[in-house]
Each structure stands twice: as structure tokens, then as C-alpha cells.
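Single-structure report; data block below.
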There are 2 protein chains.
Amino acid sequence: MARATISDVAAAAGVSQATVSRALRGSTNVSPATRAKVEQAAESLNFTLSKSASTLASGRTMRVLLLVSGPLNTWFNASVLQGVYNVLAPEGYDVIPSFVLNRSQLDRFFRNLPRDRNADAIIITSFKFDTTLHDQLSALGMPVVGLNSPSTAGFDASIGIDNASAIASGVHLLRSLGHQRIAFVHNYIPHDMVYGTSTRAAAFRAAAADAGYAEHDAIMIEADQRDAATATPGTTEASATTAAHIVARLLSCNRHPTGIMGETDEFTIPVYKELLRQHIAAPRDFSIMGFDDAPISRALDLTTLHQDPAALGSAAARKVLALLRGETIRHVHALVPATLVLRDTTGRAPAGR
Amino acid sequence: MARATISDVAAAAGVSQATVSRALRGSTNVSPATRAKVEQAAESLNFTLSKSASTLASGRTMRVLLLVSGPLNTWFNASVLQGVYNVLAPEGYDVIPSFVLNRSQLDRFFRNLPRDRNADAIIITSFKFDTTLHDQLSALGMPVVGLNSPSTAGFDASIGIDNASAIASGVHLLRSLGHQRIAFVHNYIPHDMVYGTSTRAAAFRAAAADAGYAEHDAIMIEADQRDAATATPGTTEASATTAAHIVARLLSCNRHPTGIMGETDEFTIPVYKELLRQHIAAPRDFSIMGFDDAPISRALDLTTLHQDPAALGSAAARKVLALLRGETIRHVHALVPATLVLRDTTGRAPAGR
DNA sequence: TTGTAGGCGTTATCAC
DNA sequence: GTGATAACGCCTACAA
């Protein structure tokens, strides 16, 4: 059976193609009677509108791109996708995920994007901002919404986690638990890096100073570049080797820190495990907390800062919708808080320190 | 600047539209010289072919659907997506993920699919097979490849994990470690269920019998339906309540099992944690193993059966490609093994049992 | 190897 | 409220 076209339906229903189109899209002025006739005809012919043809004629693709940094099978990225999908799918939009692992892939993505301008809007997550990116974004010619981007420039709207206040609340916790020296452990940050967690490192520095920590009482420990190089790019997870190196540096400090914050749960957990392996226990000997509240932190009872990437994705998608409809958005650039989740890895600082 | 069309490029390059089309698609007979001219003209006009127009004219959409059961932000589903993407994206295909949580959503999906026949093929993961589904699949009119489906019927090709032999190797492990009584713990399986892990339960029964376990020495413990109902559908994770109930049933057995296998890592871990909470330690008092080798099992040093969902996704995508190109596939329905990963939660059965 | 011309199946703009 | 009709931007025989 060759596929029925709109004119077949028109013939069957005894109306014009235009009317069929109107009726089937539910929208414009069509009398209830006609609509019923048309719908019935379409039904019996097993007819449905062709997306491609509609797209061509209308200029609307009903597709939105989701560009993430790092693999899609990351807790964060997958959850964002889920959230975006949840609000866009019911509206009839397809969401097309893409990802890039490094700067050159990112550039290639933007270079090829117009090649198949086949989306109405794009959501971009966790990219570090730079002027090149900015230019690329504005050249896109479609609504661009950012998700967890360090800067809002170049985006028509954005949503993100309030890293600064979240990190601050973590620092305050450690301080009130009596930890005299604290540390922030994080992955190696390449100079051409595309992911944006470096915001947290900066936030830690600021929050520590703010909370009264002297500079040498709030130290930063970054993963070794060589360790990072052997890992999958874009992964936030620390390898066992990376973790071992970090712990070595941590413990070899003169009067080592007892309060530790990690950039993400996934990065923090290997460090935590390595400490345990050294027979240094939390919260007896030290306190440690992650960031994200990913399932893995729950499994290990790790204290952490909760964020909800699916909610971020949904919020971003809602902004896309608003942009597409030309509605005015209340908070063009919104920031949502991350909240502290107390579990088993934080407690009063060991006495005598 | 209004978008350049193919005829603008044709004019600029001094050739016909047809030639531009041919040249830009890299394909058919075009002299190198002409091709260069065309490419340069396109470049300078910032022109690219419109996907929608190509689709309409050619009938090929360059899109493939990925339908998964359960949320996209599951380790398994997200990894499958990643794997599918990895092979399809370089070939110019967009992959459009969709998911359904239950039977009615699945039916709705199939009912609406022809409504926007806008894909060249579809990959379907982890769905329980039934005759209705079979009919729906064959009515699709496009290549359908199954991933981890209990049956191959209705699919043009399929790829999956060899649950039977994997589970068998787990049972053999427990047996050789001296566990006299073993148990399989798994989530509640709704009768209209769409996900396919029930295969593992059946495999456990068979493998246990095969290994010489009497029926009452190899017990099945299924999560309570009411517990499952309160959880997110499609999640393979056990809630704390579910886990507590399961452990209660486990320990209240006369001579309780000391060797435990779980349907997935995510489901197994809460059970494991609950056992620890009862001061019953692995591998001293019992052995427990998961299935999947998800990152979370590594974090908890859980013995498990390794599978690689991204590889499954890639394999499925390759079959899609072959189908689309009319190539003959070597193994239309392929099964890949899952391999045992020994970690810290399995060991010799406690003496005197 | 390259050009010509007729679709592909809708949507949108007008009239009526 | 409904009907013509001209786009929409490319692909693909077929001819040259």
C-alpha cells in the first residue's frame, strides 16, 4: 500500500487539502463537523502528516539539539537529557543529543552545525565560555540556551546551579565542625577545556577566604595532568592512580587538612576510598563531601551537595519553548541553589588539630 | 542575509543544481575540478544542504529512533545511547531517543509512530516480547533491531547479552565456593511489564538446577509489588524499604542462603547494604554478586557480571547500518557473553553450613 | 560527466 | 469557514 497523501484524505473527506491540513493540526478555524469528517477520513486511510514535508513548508523543524560536554552516559548528562525530553516530547519536539569531548570537537560541531540546520533551538551544557564560543553562538541564528555555563554571554537564556553559594555552604559546614584546614580536590583542568566545573574551584577559594581561612589553610589539589590524560576525556571520575596521588599530596602536607570537598561525587569517591585504604576513616579522622548527590554518593553514604540535573534540563527546555513562542521570560538567566545533604562522611574535626 | 539555496551555489559555481547536489553529497560522478568549484562556492556562500528538503525529496530521513524502557538517565540506557551515537553520528545519522515506562506508553508509542514517520530505522531495547508487540513491530515498515530482547521474533536483527551463560557462571562460582543454598533477588515483575530482565530470573532457576541445587536450595526472592509501585517505574534500583523486606525474607528462611545473586548492580546494592546494616558481613557471612559492572559496583567493590551496554548499542547501530544498506548480516541475532568480575563481596561459604 | 525538469507532501497566502 | 495555488529546497531519472 502506497502511503496516502493529504490529497487522498481531502478527496475522501470531500474537502480541500488546505482544510485537511488545518483540521489535522487542530489549530485554525475549522468547523467541528468538517474536522470530524477529516479526522475520520485520515483515520481510515491510516494517514498522518509527514514531518519532513511540514518542516520544509513551514520552516519549523520541531527538533531541538542538546549539546553536552563529555559522554552522554554520565549521570549528569543523562539526567539533563531526561529532563529536557520530559518537557519537549509532550510538545511534539524531538530532542537530538550530541556531545563533544574537547575543544576541537566543539569547533567542528559549530562548523558543521549550519550544514544541517535542522533544529529550532539548541541547549548547550557545561561549556566554558570564551569569545570564540560566543561568536559561534551568536552566528547560530537560532535560540541558544545555556545550562550550567560559567558565563551568560552569547546565550539567549540560561539556567544553572549556584555553585558559589553551594560551595560556600560546604565550607561553612566544615568550619562549624571545627576543621582548621580544608582542601578542595578536583580534576585536571586543561587550558582549552570545554567543561565548566572550574567554577567550583574558584568558588571554594572565595568561600574559604570569606569564612576566615588563611590562604594556606584552604588548599587546592588538582589531579595530575598525566593521570587525567590517560582517563576518558570529559569523565569526572578519578582513576585509582589519580586518587592515590591526590591522597599522597593531601597527607604529606604539614598538618594536613581534615576537611575535604570534591568537585563532584564521582571524583570524590575514589579519593575517599583511597583514604580508607590508608586506614584513615571518615568521619573519625577527617570529613569529606562530594557535589551532585548522584546515586553513587547515596550508595556510599557520602555527604554531598544536592543538585537535580533533570530539573535543570526541564528548566532549560521551558526556556527554549518560551523563546520559540516569542514569550518573554521572567528570569532570563536563572540560578538554582544546591542544597547540603548530610550523610556519614562528615563530622566534628578530630581533637587536637 | 537570507539563506543561500542550492541554486545560488549553482549560479556562483557556474554549474547546475543537480551538480551541486551531487558534489556536496560527495557521492556520484563529479569531476574533481567541478567538485572543488562547487565546494568553494558553497563555502563562500555559507551554504549547506537542508536536511528537511533532502529528506522530502529522497525519502531518507537520516534519523534513527532509539526506544528504551525506563528512564534515559539509567546507566544502562545512557550507555546504550552513547554506543549507538558513536557509530551512527559519524555516518551522518541523528539518533532520536525515546523512552516508555509501561505498557500503555509503549502502545501509545507504536500508535503514534507512523504519525511522524521520520526515521529510517528503530532500535528497541529490553522489551519483553509478546504477540502484540510482534505485530506492532512488523507493521512498522522500517528496519527494527532489538537490543537485549528476550525474543528475536519481530526483529530484523538483534543483539543481546547472554544472560543464561552469565547467570550460570555466577551460580557455578557460588557452588565452587561451597555455598549450599543460594538465592536470586530481583525486582517485582509486572505482568504487562515491558522490561526484559526476567530472563535472568529464569536463567538462575535453570542454572541452579543444572548445577545440582535442589529446588529448595535455590530460592527466588522477588520485591513486593507494593514496594515497587512506589518507586519510579523502570528503575532497577531497590528502595531501602524494598531491600529491608527482601533481607527479612532472606534471613528468616530456615537455614538461610549464603550465596546471593541480584538481577542488577543497582538492585543488589541496597540489599547488600541492608545486610551490612544487620551486621552480616560479606564475604565472611555470605557472598553476594550483582550484574552489570556499573560504576556503582566498582565503588562498592561488589563482585559482578560485566556487560558493556555501549558496545551493545554500537553493535545494534552497526546492524541498523547494514540493514539500511541492504547488506547481509553475518549474525542476524547475536549474543555476547557477560564475564565474571571478582571483587570483594564473594568468598568461601562460612564453615558449618 | 553534466544539465533539464518533474516531483516530494506540506504550509501559507490569498481570495471567496 | 473553506478552497486554489504558489512556494518550501532539494533529489533523481532521463537526456545530452
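Per chain, numbering begins at 1; letters A, B, ... match sequence-line order.
Within 4.0 Å of B:Val20, counting heavy atoms only, lies no atom of the nucleic acid at all. Nucleic acid contact class of B:Ser7 (heavy atoms, under 4.0 Å, all strands): none.
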Donor-acceptor pairs under 3.5 angstrom involving side-chain atoms of residues 78-88 of chain B: please list them, not counting sequence neighbours.
from: B:Ser79; atom 1: OG; to: A:Asn73; atom 2: ND2; distance (Å): 3.2
from: B:Ser79; atom 1: OG; to: B:Trp75; atom 2: O; distance (Å): 2.8
from: B:Gln82; atom 1: OE1; to: A:Leu72; atom 2: N; distance (Å): 2.6
from: B:Gln82; atom 1: NE2; to: B:Asn86; atom 2: OD1; distance (Å): 3.1
from: B:Tyr85; atom 1: OH; to: A:Phe99; atom 2: N; distance (Å): 3.3
from: B:Asn86; atom 1: ND2; to: B:Gln82; atom 2: O; distance (Å): 3.3

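Residue B:Ser54 has no polar side-chain atom (N or O) positioned under 4.0 Å from OP1 or OP2 of D:dG9. Residue B:Ser16 places at least one side-chain N or O under 4.0 Å from the OP1 or OP2 atom of C:dG3.
If you check C:dT11, C:dT1, C:dT10 against the side chain of A:Ala53, the one that comes closest is C:dT10. For B:Phe47, whose side chain is taken as the heavy atoms from C-beta onward, the closest listed nucleotide among C:dT2, D:dC10, D:dA4 is D:dC10.
Checked by distance alone, B:Arg22 brings a side-chain donor or acceptor within 3.5 Å of a matching partner on the base of C:dG3.
A straight line from CD of A:Gln17 to C1' of D:dG3 spans 10 Å, rounded to a whole angstrom. Remark: P of D:dC10 and CZ of B:Arg60 are 15 Å apart, rounded to the nearest angstrom. Spacing between atom CD1 of B:Ile6 and atom P of C:dG3 amounts to 12 Å, rounded to whole angstrom units.
Annotation: A:Arg325, atom CZ; neighbour count of heavy atoms from other residues, nucleotides and ligands within 6.0 Å is above 12.
Residues meeting the side-chain contact (heavy atoms from CB on, under 4.5 Å) test with A:Ser58, sequence neighbours left out: A:Arg60.
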